[in-house]
Amino acid sequence: MRLSEFRQALKDEFGESYGHVLTRDLVLTSLGNTADQALAGGVPARDVWLALCAETDVPKSRWFGAGVPAPRP
């Protein structure tokens, strides 16, 4: 996942304003930082997105985008 894809997924799931608040203020337990801090620290955007989805109880069916199946392991 590219950073631009992360930003689009964030906007699609949470809206532009609320998504910005989440990435700035919500500490993601699994990463120990906010999404913005994790991204700035080099954590891959996909890992940050999945942590954000888990932390905010996004249904797993939407973790990979609406209508997009989860990637195979």
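Along the sequence shown, residues are numbered consecutively beginning with 1.
Annotation for Gly32 and Val27: closest pair C-CG1, 4.1 Å, computed over non-hydrogen atoms. Listed here is the closest heavy atom pair of Met1 and Glu5: CA-OE1, 3.2 Å. The nearest pair of heavy atoms linking Val48 to Ala38 is CG2-CB, 3.8 Å.
Taking CD of Glu13 as the reference point, atom CG of Leu52 lies at 9.0 Å (rounded to 0.5 Å). Atoms OG1 and CG, from Thr34 and Leu28 in turn, are 7.0 Å apart once rounded to the nearest 0.5 Å. Between the CZ atom in Arg2 and the CD atom in Gln8 there is a gap of 14.0 Å [rounded to 0.5 Å].
Glu55 and Ser30 share no donor-acceptor pair across their side chains, judged by distance under 3.5 Å alone.
Of the possible donor and acceptor atoms, none in the side chain of Trp63 sits under 3.5 Å from a partner among the backbone N and O of Leu50.
For residues 16-25, the set of pairs meeting the side chain to side chain donor-acceptor pair (under 3.5 Å) definition, not counting sequence neighbours, comprises Thr23-Asp36.
Two residues are said to be in side-chain contact when any heavy atoms from C-beta on lie closer than 4.5 Å; Phe14 and Val21 fail this criterion.
Residues that satisfy the side chain to side chain contact (heavy atoms under 4.5 Å, CB included) test with Leu3, not counting sequence neighbours, are Phe6, Arg7, Leu39.
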